[in-house]
Asks: 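Sharing a structure with you now.
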Amino acid sequence: MTRASSPLKTILVTLLQEPLKVQSFAQVHCLLLTSGVTQDFSVLVMLAEFLASSQSPSSAYFTLKQTLIFPNPFLFNSLITVFTQTSSPQSAFVVYKYLVCDGFSEDKSTYPLVLKSCAKFSGIKEARQIHAAATKLGFLSDIYVQNALIHVYGLCNCYQDAGIMFDQMLVRDVISWSCLISVCVKGGLFGDALSLFSQMDVDPNITTLVSVLVACGRIGELSMGRSIHGLLLKNAAILGLIVGNALLDMYVKCESMDEARKVFEDLPVKDVVTWTSVISGLVQCKQSREALDVFHAMQASGMEPDKVVLPSVLSACASLGALDCGRWIHQYIEWKDIEQDVHIGTALVDLYAKCGCLEMALNVFHGMIYKNVLSWNALLGGLAMHEHGKVALSYFDWMVRTGLKPNDVTFIATLGACSHSGLVEEGRHLFASMLELYDVTPKIAHYGCMVDLLGRSGLVEEAYELVKTMPMRPDVLIWGAMLSACKTSGNVQLSQQIIGHLELEFSDSGVFVLLSNIYAANERWGDIPMLRSLMRKKGIKKEPGSSVIELDGRAHEFLVGEIKYPDQKEEILMILYILEKQMQIDGQ
DNA sequence: TGTCATTGGT
């Protein structure tokens with residue numbers, strides 16, 4: 001091959017590395033064509049990469065075609081590869097179409113490459129065309145093509161086609177198995193993924209094990225996750241970052257935080273994914289204070305938070321009422337120009353709503369470009385909590401008008417809003433519409449909302465009728481709501497019936513607090529020691545009440561006894577006070 | 001020169 005003079009090549013290579021305007025590229029292209037550099041393969045590869053990253057697929061294809069003396073599949077494959085990596089992977093398929101129309105210059109490597117682009121833009125129609133062409137031209141027997149087809153069919157939710165491809169293969173390698181397992185995981189078919197793993201007749205590789213770990217985490221298969229951990233340790237002394245992160249997240253999802261912490265501490269290198277897994281895990285396990293501590297440690301280590309970790313941190317702030325910390329994060333998002341996607345927006349709405357800043361919650365909510373059901377739920381929950389029943393109902397109507405389908409949480413929030421604002425008729429109507437209009441089957445929590453709504457409005461008998469006709473067994477929350485209703489209306493007789501159920505079935509300290517509340521409201525002081533001895537007999541201990549306050553941006557938890565009157569727990573404290581007093585009287 | 005892998009909110 002004739003090599004171009006080295007200085008000219010250097011100049012051209014430099015020019016190709018610059019982001020050029022089309023006009024000046026034309027000049028560079030002239031130089032390329034006239035200098036003989038086009039016979040230098042490495043320059044041609046650079047040209048192909050340059051074209052795909054800066055021009056339309058048609059212009060890139062035809063420019064490359066003009067430049068080549070002999071058509072070369074490798075260079076067209078480079079075009080396809082680079083287009084696949086851009087934000088418009090469809091362009092890769094356009095290049096493939098031109099290749100097919102010209103009737104030359106594709107090879108067997110073209111098929112996996114262009115199928116990968118289809119997987120990226122979910123082009124099932126395009127993938128089927130490629131499948132047909134590969135069959136016709138005899139490329140289907142290539143294991144790379146087969147594996148790529150399994151992948152693309154799986155990602156386009158055509159699991160049956162992926163399975164058929166897999167079954168038709170005469171020889172399957174570890175990639176074939178990994179492809180099918182990973183598409184099962186992506187499609188939420190975690191059980192299928194694990195069953196495929198158990199059927200594997202070749203040794204799994206690291207990638208396979210990562211997919212299997214994800215499946216274990218999602219269905220809480222802790223023991224299998226642990227055995228994969230053992231398998232990994234046998235093969236590598238130190239876990240790589242992706243494998244370590246997958247392992248860590250498996251323990252997190254299985255809520256085995258001690259093991260998760262151990263993996264976390266042993267990881268020699270941590271990235272933002274590592275920190276995110278631990279923080280979101282702690283939030284899910286209701287350890288929000290620890291989550292904020294880890295977040296502060298993450299910042300101290302110099303790791304920059306991103307748009308994925310921040311919703312979890314905001315959620316921790318929301319559940320602790322750590323408004324200052326949440327506000328700081330909101331400012332940080334604006335300062336660092338972090339994309340305010342639907343996750344971040346929803347987490348901010350939730351934070352402000354839970355902390356009682358409804359105006360801010362509404363501001364953020366209305367500023368969101370895209371809202372999903374969870375965004376509306378966060379707002380509705382906030383409105384419910386702060387007794388804006390009518391406003392919540394109008395937002396509910398608005399949500400439905402936008403075409404979004406409410407889910408079960410939407411109804412819990414909206415029924416709760418009715419309950420807190422005493423909107424009985426509206427609540428009844430909403431409850432009836434759940435299944436009828438929105439295809440959402442009422443769960444026990446929805447019955448709980450209705451019992452609460454009716455009970456708070458003094459309709460104890462109607463609430464009890466509803467409990468009796470429920471399609472499921474009433475749980476402790478339902479009876480708790482009934483007892484509260486009895487307390488409000490002073491219906492001791494009905495409460496006795498309910499207590500009968502409770503004494504037999506439940507051992508929850510909250511119910512006993514409610515019971516004592518009823519006795520106290522009816523001045524039945526004599527029954528309280530009976531209650532207390534029943535608690536002792538059933539081995540029930542009252543969990544200490546707790547509250548959290550924020551000081552200098554840090555959340556601090558206080559147990560009962562450490563501070564005198566944590567306002568949120570005032571009612572429980574009062575009851576405990578009554579119980580203690582009664583004990584003192586008994587003792588005298 | 002081609003096929004498979006990690007983190008998110010009510």
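Numbers restart at 1 for each chain; the letters A, B, ... are given by sequence-line order, proteins then strands.
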Asks: With a non-hydrogen cut-off below 4.0 angstrom, is A:His343 in contact with a base, only sugar-phosphate, or nothing?
Replies: base
Asks: A:Tyr144 has a side chain; which of B:dT3, B:dT1, B:dA5 sits nearest to it?
Replies: B:dT3
Asks: Output the single nucleotide from B:dT7, B:dT1, B:dA5 whose closest atom is nearest the side chain of A:Ile242.
Replies: B:dA5
Asks: For A:Asp306, report the nucleic acid contact type (base, sugar-phosphate, nothing); a contact means any heavy atom under 4.0 Å.
Replies: nothing
Asks: If you only use heavy atoms from C-beta on, which nucleotide in B:dT1, B:dG9, B:dC4 is closest to the side chain of A:Thr207?
Replies: B:dC4
Asks: Looking at every strand, decide which applies to A:Leu113 at a 4.0 Å heavy-atom threshold: base, sugar-phosphate, or nothing.
Replies: sugar-phosphate
Asks: Would you classify A:Lys116 as touching base, sugar-phosphate or nothing, given that sugar-phosphate means primed atoms plus P, OP1 and OP2, and contacts are heavy atoms under 4.0 Å?
Replies: sugar-phosphate
Asks: Can you figure out which of B:dT3, B:dT7, B:dG9 approaches the side chain of A:Arg218 most closely?
Replies: B:dT7
Asks: Does the structure place the NZ or CZ of A:Lys270 under 6.0 Å from the centre of the six-membered ring of A:Phe264, at an angle of no more than 45° from the ring's axis?
Replies: yes
Asks: Just checking A:Lys270: base, sugar-phosphate only, or nothing, at a heavy-atom cut-off of under 4.0 Å?
Replies: nothing
Asks: Is a side-chain N or O of A:His151 found less than 3.5 angstrom from the main chain of A:Cys179, in a donor-acceptor match?
Replies: no
Asks: Let's see if you can work this out: which of B:dT7, B:dG2, B:dT1 has an atom nearest to the side-chain heavy atoms of A:Thr276?
Replies: B:dT7
Asks: A:Leu374 side chain: which of B:dT10, B:dT6, B:dT7 is closest?
Replies: B:dT10
Asks: Looking at B:dA5, B:dG9, B:dG2, which one has an atom nearest to any side-chain atom of A:Ser211?
Replies: B:dA5
Asks: Under the side chain to side chain donor-acceptor pair (under 3.5 Å) criterion, do A:Tyr159 and A:Asn157 qualify, and how do the steps go?
Replies: CA-CA 6 Å; A:Tyr159 301 109; A:Asn157 302 320; 3.2 Å; yes
Asks: Could you check which of B:dC4, B:dG9, B:dG2 has an atom nearest any side-chain atom of A:Cys179?
Replies: B:dC4
Asks: Under 6.0 Å from the ring centre and within 45 degrees of the ring axis: does the NZ or CZ of A:Lys108 meet both conditions for the six-membered ring of A:Tyr144?
Replies: no
Asks: Give A:Ile206 one of three labels, base, sugar-phosphate or nothing, depending on what nucleic acid heavy atoms sit under 4.0 Å from its own.
Replies: base
Asks: Classify the side-chain pair A:Asn205/A:Thr208 by whether it contains a donor and acceptor separated by less than 3.5 Å.
Replies: yes
Asks: Please identify each residue that fulfils side chain to side chain donor-acceptor pair (under 3.5 Å) with A:Lys116, with sequence neighbours left out.
Replies: none
Asks: Check this for me: does the side-chain of A:Asn377 come within 3.5 Å of the base of B:dG9 through a donor and an acceptor?
Replies: no
Asks: Quick one: label A:Asp408 by what it contacts on the DNA or RNA (base, sugar-phosphate, nothing), any heavy atom closer than 4.0 Å.
Replies: nothing
Asks: Grab the CG-C1' distance between A:Asp173 and B:dG2 for me, whole Å please.
Replies: 13 Å
Asks: Between the base of B:dG8 and the side chain of A:Asp341, is there a donor and acceptor pair under 3.5 angstrom?
Replies: yes
Asks: What does A:Val185 touch in the nucleic acid at a heavy-atom separation under 4.0 angstrom: a base, only the sugar-phosphate, or nothing?
Replies: nothing
Asks: Would you indicate which nucleotide in B:dT10, B:dC4, B:dT7 comes nearest to any side-chain atom of A:Ser315?
Replies: B:dT10
Asks: Would you please confirm or rule out a distance under 4.0 Å between OP1 or OP2 of B:dT3 and any side-chain N or O of A:Arg172?
Replies: no
Asks: So does A:Ser178 reach the base of B:dC4 with its side chain, donor to acceptor, closer than 3.5 Å?
Replies: yes
Asks: Within the structure shown, what part of the strands sits under 4.0 Å from A:Asn205 by heavy-atom distance: base, sugar-phosphate, or nothing?
Replies: base
